[in-house]
Amino acid sequence: GVVRLPRVAPVGPNGAGRPVRGVRLVEAATGLQVEALDQIDSAHLSSVARADALIVQPEHAPALAAGSLVKTYLPDA
């Protein structure tokens with residue numbers, strides 16, 4: 001499924017690419033949040049394999065502050 005969850009940390013602006021990031025789901029007092037893993041694209045299979053979910057940063061996206069909602073792709077159970 002697809003949900004919108006807040007980011008744990010800020011992220012800088014994006015250029016022409018659409019990086020896929022593996023994320024870890026983090027339980028916070030306000031509910032689930034996403035925390036990006038170190039590697040920034042799906043070519044890094046180890047980060048995708050460790051991920052709880054994936055996010056895609058759109059092309060030419062502006063910087064996002066911590067707490068910004070991002071579309072989060074959860075694996076089907």
Side-chain angles (χ1 to χ4, degrees):
V2 179
V3 296
R4 292 179 63 78
L5 294 173
R7 291 185 58 87
V8 170
V11 65
N14 190 32
R18 294 183 55 150
V20 173
R21 296 188 78 127
V23 294
R24 184 177 9 210
L25 299 177
V26 178
E27 186 66 45
T30 56
L32 281 179
Q33 296 184 342
V34 295
E35 180 176 50
L37 298 174
D38 294 337
Q39 301 297 335
I40 62 167
D41 64 49
S42 59
H44 296 277
L45 294 179
S46 63
S47 68
V48 173
R50 291 179 312 184
D52 296 324
L54 299 174
I55 60 172
V56 178
Q57 189 175 2
E59 294 177 0
H60 306 290
L64 296 174
S68 297
L69 296 177
V70 293
K71 190 182 288 187
T72 305
Y73 297 86
L74 301 171
D76 292 332

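- The other members of the hydrophobic cluster of Val70, by chain and number, are Val3, Leu5, Val11, Val23, Leu25, Leu32, Val34, Ile55, Leu64, Leu74 (side-chain heavy atoms under 4.5 Å, ILVMFWY only).
- Of all the heavy atoms in Arg4 and Lys71, the pair that sits closest is NH1-N, 4.1 Å.
- Listed by chain and number, the residues in a side chain to side chain contact (heavy atoms under 4.5 Å, CB included) with Ala61 are Asn14, Gln57, Pro58 (sequence neighbours excluded).
- Here the shortest heavy-atom pairing between Thr72 and Ala53 reads CG2-CB, 3.7 Å.
- Considering all non-hydrogen atoms of both residues, Gly22 and Ala51 come closest at CA-CB, 3.6 Å.
- Residues passing the salt bridge (Lys or Arg N to Asp or Glu O under 4.0 Å) test with Glu35 are Arg24, sequence neighbours excluded.
- Under the side chain to side chain contact (heavy atoms under 4.5 Å, CB included) criterion, Ala28 pairs with Thr30, Gln33, not counting sequence neighbours.
- Residue Val8 shares its hydrophobic cluster (ILVMFWY side chains chained together at separations under 4.5 Å) with Val26.
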